[in-house]
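In what follows, a single structure is set out as structure tokens and then discussed.
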Amino acid sequence: MSFKLINIPRKYKIPDKYRTIIYIGYLSIFLLFLSFFIDLSFSLIYGTLNGNIGGTLGSITLIFGAVLFIYSILRLALIIRNMKNKSRLSVHYNLLFGAFVVYIILSIVLTNLKII
């Protein structure tokens, strides 16, 4: 018995030019969560993020991650729209967008609880 999410032929491989865009997307999600944990740790240690190195580092990684995320999502959306075999790319697109939604929900919840 096999529990496969989608049935994709094994011989289908994502081209390298699309794979780099996917890697950029995953790097952007990593940077967003890294900035979130930097902000969380420095706000728990010092109590504020104004003017210290943690706030600056968190803000820089947040901005860089957000720009890379917007770039990768838009590029993947344009690529998926023009492809015939979209299954693998759409799985990565959905994973990236789902991770971004988790990031947004986590930041809203922790901000409303006054932790950050």
Side-chain angles (χ1 to χ4, degrees):
M1 183 183 258
S2 174
F3 296 103
K4 291 185 178 180
L5 188 59
I6 54 175
N7 195 4
I8 301 173
R10 292 285 181 197
K11 63 182 179 179
Y12 178 72
K13 187 177 177 184
I14 298 174
D16 290 335
K17 62 182 179 178
Y18 302 149
R19 195 176 302 152
T20 56
I21 296 170
I22 292 170
Y23 290 154
I24 288 172
Y26 287 124
L27 174 68
S28 69
I29 293 296
F30 174 74
L31 287 174
L32 288 173
F33 276 103
L34 181 67
S35 71
F36 178 74
F37 289 119
I38 287 172
D39 288 345
L40 180 64
S41 63
F42 276 94
S43 68
L44 290 176
I45 292 171
Y46 296 111
T48 182
L49 289 175
N50 297 330
N52 61 16
I53 190 71
T56 306
L57 187 61
S59 298
I60 289 171
T61 55
L62 176 70
I63 292 169
F64 193 61
V67 168
L68 286 178
F69 177 76
I70 291 170
Y71 168 75
S72 65
I73 285 295
L74 290 178
R75 286 286 303 204
L76 280 176
L78 291 174
I79 290 169
I80 288 173
R81 187 175 58 169
N82 296 328
M83 280 186 83
K84 290 182 180 179
N85 189 357
K86 326 178 177 188
S87 56
R88 285 260 173 119
L89 283 178
S90 63
V91 167
H92 288 291
Y93 179 82
N94 292 335
L95 284 174
L96 286 171
F97 206 79
F100 183 70
V101 169
V102 168
Y103 165 76
I104 294 294
I105 290 171
L106 188 65
S107 65
I108 288 172
V109 166
L110 290 179
T111 303
N112 286 338
L113 292 176
K114 304 293 183 195
I115 293 176
I116 295 181

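Only this structure's heavy atoms are used, side chains among them; waters, hydrogens and symmetry mates stay out. Residue numbers start at 1 and run along the sequence shown. As the structure is a computational prediction, the values presented were derived from the model and not from experiment.
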For residues 61-78, tabulate all N or O donor-acceptor pairs below 3.5 Å that involve a side-chain atom, not counting sequence neighbours.
residue : atom : partner : partner atom : Å
Thr61   : OG1  : Leu57   : O            : 3.0
Thr61   : OG1  : Gly58   : O            : 3.1
Ser72   : OG   : Leu68   : O            : 3.2
Ser72   : OG   : Phe69   : O            : 3.1

Using distance only, find each side-chain donor-acceptor pair of residues 19-33 under 3.5 Å and give its atom names and separation, not counting sequence neighbours.
residue : atom : partner : partner atom : Å
Arg19   : NH1  : Asp16   : OD1          : 3.1
Arg19   : NH2  : Ile14   : O            : 2.7
Thr20   : OG1  : Lys17   : O            : 2.9
Tyr26   : OH   : His92   : ND1          : 2.9
Ser28   : OG   : Gly25   : O            : 2.5

- At what distance, to the nearest 0.5 angstrom, does CZ of Phe36 lie from CG of Leu106? 4.0 Å

- Task: Indicate, with yes or no, if Leu110 and Ile104 share a hydrophobic cluster defined by side-chain heavy-atom contacts under 4.5 Å among Ile, Leu, Val, Met, Phe, Trp and Tyr.
- Result: yes

- Point-to-point distance, once rounded to the nearest 0.5 Å, from OG of Ser107 to CG of Leu40: 11.5 Å

- Item | Parallel, tilted or perpendicular, as decided by the 30° and 60° cut-offs, for the rings of Phe97 and Phe100 | tilted

